[in-house]
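Here the structure is a predicted model, which means the values were calculated and not measured. Only this structure's heavy atoms are used, side chains among them; waters, hydrogens and symmetry mates stay out.
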Amino acid sequence: MKVNVQTHHVSINDDSRKDIEGKFDKIANHFPSLISCDIIITKEHNQHQVEVFTNYEGVRVTAKATDDIMYPAVAAAIKKLEAGLSNRKGQLKADLHAKPTSTKPEIASDIIQEMKLV
């Protein structure tokens, strides 16, 4: 999985960038169909805001987290992203199962017509 890290008003060195990219190894193992993930780290008013974007099975999944320190914000965003991806994976699995169909009409007028009251 390709991880793109962008920063605004904050600078990170290569070791920090590799550490952030390494945190996505677990997500890459659980969701192998992910191709890329975009991370935007912004610092405004002494708060680090981390936004993570990815596309999974045709749907854009995003996660945001804010903290005073950058690394806890990154960890929280990754946790939220993983929850969002597992939710989407559950929706896709649920669509594969056959839904039960109702054999009885649910509208009262249809029930009365079936009774054939004469």
Side-chain angles (χ1 to χ4, degrees):
M1 178 170 70
K2 182 168 174 46
V3 178
N4 302 320
V5 180
Q6 298 175 0
T7 59
H8 296 282
H9 304 294
V10 65
S11 61
I12 58 174
N13 57 14
D14 290 336
D15 292 336
S16 296
R17 189 177 299 269
K18 287 181 183 178
D19 185 42
I20 291 170
E21 291 173 358
K23 291 180 184 269
F24 283 89
D25 290 340
K26 181 179 176 184
I27 292 176
N29 289 337
H30 288 155
F31 305 98
S33 63
L34 286 177
I35 297 170
S36 68
C37 186
D38 298 320
I39 306 167
I40 300 173
I41 302 172
T42 309
K43 184 176 181 181
E44 292 180 6
H45 306 295
N46 292 327
Q47 290 280 331
H48 287 86
Q49 181 178 359
V50 178
E51 298 177 60
V52 183
F53 306 98
T54 189
N55 288 323
Y56 181 63
E57 300 293 334
V59 175
R60 187 170 179 97
V61 180
T62 63
K64 292 182 183 180
T66 305
D67 200 332
D68 293 337
I69 305 170
M70 183 178 66
Y71 288 109
V74 170
I78 290 171
K79 190 173 183 179
K80 289 179 183 180
L81 179 70
E82 191 170 1
L85 288 171
S86 63
N87 183 18
R88 177 65 184 151
K89 189 175 188 179
Q91 289 174 348
L92 292 171
K93 294 286 184 183
D95 289 343
L96 296 177
H97 301 297
K99 304 288 189 281
T101 57
S102 175
T103 57
K104 294 183 179 180
E106 296 182 10
I107 301 173
S109 62
D110 292 342
I111 294 172
I112 292 171
Q113 288 177 359
E114 283 184 2
M115 290 177 157
K116 296 182 182 177
L117 300 173
V118 182

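- For the atom pair CD1 of Ile41 and CZ of Arg17, the computed distance is 8.0 Å after rounding to the nearest 0.5 Å.
- Considering all non-hydrogen atoms of both residues, Ser86 and Ala83 come closest at OG-O, 2.9 Å.
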- Task: For side-chain contact (heavy atoms from CB on, under 4.5 Å), just list the numbers for Glu82 and Lys26, CA-CA rounded to whole Å, side-chain angles, deciding distance to a tenth of an Å, and then say yes or no.
- Result: CA-CA 9 Å; Glu82 191 170 1; Lys26 181 179 176 184; 3.6 Å; yes
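- Atoms CD and CG, from Gln6 and Asp38 in turn, are 6.5 Å apart once rounded to the nearest 0.5 Å.
- Of all heavy-atom pairs between Glu21 and Val3, the closest is OE2-O, 3.7 Å.
- A donor-acceptor pair under 3.5 Å is formed between the side chain of His48 and the backbone N or O of Asp68.
- Atom OG1 in Thr54 sits 13.0 Å away from atom NZ in Lys2 (nearest 0.5 Å).
- Across every non-hydrogen atom of Ala65 and Ala77, the tightest pair is CB-N, 3.5 Å.
- A continuous path of ILVMFWY side-chain contacts below 4.5 Å connects Val5 to Val10, so both sit in one hydrophobic cluster.
- Evaluated for a side-chain contact (heavy atoms from CB on, under 4.5 Å) with Val74, the options Asp19, Ile69, Val50, Val52 yield exactly one hit, Val50.
- Rounded to the nearest 0.5 Å, atoms CZ (Phe31) and CG (Leu85) are 4.5 Å apart.
- Between the Lys80 side chain and the Lys64 main chain, a donor and an acceptor come within less than 3.5 Å of each other.
- Heavy atoms only, all atoms of each residue included: Met1 and Leu34 are closest at SD-CB, 3.7 Å.
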- Audit row: Cys37, Ile27, side-chain contact (heavy atoms from CB on, under 4.5 Å) steps and yes/no: CA-CA 10 Å; Cys37 186; Ile27 292 176; over 6 Å; no
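- We find the CD-NE2 distance between Gln49 and His8 to be 10.5 Å, quoted to the nearest 0.5 Å.
- Ile78 and Tyr56 fall within the same hydrophobic cluster, where Ile, Leu, Val, Met, Phe, Trp and Tyr residues are linked whenever their side-chain heavy atoms come under 4.5 Å apart, directly or through other members.
- In this structure the side chain of Met70 reaches within 4.5 angstrom of the side chain of Ile12, judged on heavy atoms.
- Once rounded to the nearest 0.5 Å, the distance linking NZ of Lys23 with CD1 of Ile39 reads 10.5 Å.
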- Leu81 vs Val61, side-chain contact (heavy atoms from CB on, under 4.5 Å): CA-CA, chis, key distance, verdict: CA-CA 7 Å; Leu81 179 70; Val61 180; 3.9 Å; yes
